[in-house]
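Below is one structure, written out as structure tokens; comments come after it.
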Amino acid sequence: MKKRVLLIAPGGLNLDDVGGDYGTISIEVKPLLGVPSVAEDAYGLALTLSSIISVLKSLSRIYDAIVISCFEDLGIDLPKKLGVPVISLGEASIISGSLSGRKFSILAPNHYVASLIYRRILEKGLAPSLASIRVVRPLEGDIYTLLVAEAQRAVKEDEAQAIVLGHPSWRKFSALLNEKVKVPVIDPLSTALGLLETFLRRKEVKDA
């Protein structure tokens, strides 16, 4: 039987293509309207957190795990509160980035998120594996061109051996970026789902 996973998408991110079966798990996408897809400041983060908590409190069905489509550190111990595994894209990508190469760089959507990601990296003791965090502002030009430029700079100037995409919507560029920069480019959503699938499979074997 497939494990049921809830994917929470703040800001109404279009993740419908992710819904359905993914390996051994079945994904239900829950968009959160009225909140930013990416926090620009503490207020935006608080708004997103409040909305996520409201959704989790009102769940009418039981899920085996929850994925939150954001990079921000929500600041609460959701797995302990809910009794099921909870993973954010940021946490999954940071872990994967540290394993994919000697050094990894993160492309972040704004400076606020960059600061939150950096704090998370310090907390996890992964700072020695961090090459850089580069901010890519979508409003400053064509997003794909900007991502390519910053990824190439990260590889050349920061000696990054893996690139982490710091926004869920950028995952559509991962294959193209990988060809351009010649180092692993980590798609945060696929990474989170892959890690979660592995965890649930191991847990099932352990509990058997």
Report task. Establish whether Leu47 and Val55 are linked, either directly or via other cluster members, by ILVMFWY side-chain heavy-atom contacts under 4.5 Å. Result -> yes
**Report entry** Minimum heavy-atom distance Leu176-Tyr144, with the two atoms named
**Finding:** CB-OH, 3.7 Å
**Report entry** Qualifying residue for side-chain contact (heavy atoms from CB on, under 4.5 Å) with Pro168, from Leu89, Leu7, Leu189
**Finding:** Leu89
Report task. Give a yes or no on this: more than 12 heavy atoms of other residues, nucleotides or ligands lie within 6.0 Å of atom CD of Glu159. Result -> no
Query - side-chain contact (heavy atoms from CB on, under 4.5 Å) between Ile121 and Ile106, worked out - result: CA-CA 11 Å; Ile121 289 173; Ile106 300 173; 3.7 Å; yes
Report task. Return the minimal non-hydrogen interatomic distance between Ala192 and Ala92, and the atom names on each side. Result -> CA-CB, 3.6 Å
**Report entry** Gap separating the OH atom of Tyr63 from the NZ atom of Lys30, nearest 0.5 angstrom
**Finding:** 8.5 Å
Report task. With side-chain contact (heavy atoms from CB on, under 4.5 Å) as the test, would you mind laying out the steps for Leu177 and Ile163 before giving the verdict? Result -> CA-CA 9 Å; Leu177 283 170; Ile163 301 293; 5.9 Å; no
Extract all donor-acceptor atom pairs below 3.5 Å that involve side chains of residues 145-154 and protein atoms in other chains or at least two apart in sequence.
residue: Thr145; atom: OG1; partner: Asp142; partner atom: OD2; Å: 2.7
residue: Glu150; atom: OE1; partner: Arg134; partner atom: NH1; Å: 2.9
residue: Glu150; atom: OE2; partner: Arg153; partner atom: NH1; Å: 2.8

Query raised in the report: Among all residues two or more places apart in sequence or in another chain, which pass the side chain to side chain contact (heavy atoms under 4.5 Å, CB included) test with Thr198?
Result: Arg201, Arg202
**Report entry** Heavy-atom closest pair, residues Lys103 and Pro128
**Finding:** NZ-O, 2.7 Å
Query raised in the report: Rounded to the nearest 0.5 Å, what separation is found between the OG atom of Ser69 and the CD1 atom of Ile8?
Result: 10.0 Å
Query - Side-chain touch Trp170/Pro109, heavy atoms, less than 4.5 angstrom - result: yes
Query raised in the report: What is the distance from atom CD1 of Ile68 to atom OG1 of Thr48, rounded to the nearest 0.5 Å?
Result: 10.5 Å
Requested in this report: Looking only at non-hydrogen atoms, find the nearest pair between Ser105 and Ala131 and report the distance.
Outcome: OG-CB, 3.4 Å
**Report entry** Under 3.5 Å: donor-acceptor pair, side chain of Ser50, backbone of Ala46
**Finding:** no
Query - N/O donor-acceptor pair under 3.5 Å between Asn110 side chain and Ala39 backbone - result: yes
Query raised in the report: What closest approach, in Å, do Phe104 and Val164 show between heavy atoms, and which atom pair accounts for it?
Result: CD1-CG2, 4.0 Å
**Report entry** Side-chain heavy-atom pair Ile117, Ile94 within 4.5 angstrom cut-off
**Finding:** yes
Requested in this report: Report whether Ile143 and Val185 are members of the same hydrophobic cluster (ILVMFWY, side-chain heavy atoms less than 4.5 Å apart, transitive linking).
Outcome: yes
Requested in this report: Work out which heavy atom in Pro184 is nearest to a heavy atom in Gln161; give both atom names and the distance.
Outcome: CD-O, 3.3 Å
Query raised in the report: Just by distance, with hydrogens left out, do Ser132 and Asp158 show a side-chain donor and acceptor under 3.5 Å apart?
Result: yes
Requested in this report: May I ask you to decide if Tyr112's main-chain N or O and Ser115's side chain share a donor-acceptor pair within less than 3.5 Å?
Outcome: yes
Query - Contacts of type side-chain hydrogen bond (donor to acceptor under 3.5 Å, both in side chains), residue Ser93, not counting sequence neighbours - result: none
Query - Worked check of side-chain contact (heavy atoms from CB on, under 4.5 Å) between Leu45 and Leu116 - result: CA-CA 10 Å; Leu45 180 60; Leu116 296 177; 4.0 Å; yes
Requested in this report: Could you pull out all residues at least two apart from Leu122 that satisfy side chain to side chain contact (heavy atoms under 4.5 Å, CB included)?
Outcome: Tyr118, Ala127
Report summary line: Residues at least two apart in sequence or cross-chain that pass side chain to side chain contact (heavy atoms under 4.5 Å, CB included) with Asp64, listed by chain then number, are Lys3, Arg4
Query raised in the report: How far does CG of Leu32 sit from OG of Ser51, to the nearest 0.5 angstrom?
Result: 4.0 Å
Query raised in the report: Can you get from Val113 to Leu126 by hopping between Ile, Leu, Val, Met, Phe, Trp and Tyr side chains that sit under 4.5 Å apart?
Result: yes
Report task. Would you please test Leu165 and Ile186 for side-chain contact (heavy atoms from CB on, under 4.5 Å) and show each step? Result -> CA-CA 6 Å; Leu165 300 179; Ile186 298 171; over 6 Å; no
Query raised in the report: Who pairs with Lys172 by side chain to side chain contact (heavy atoms under 4.5 Å, CB included), at least two apart in sequence or on another chain?
Result: none
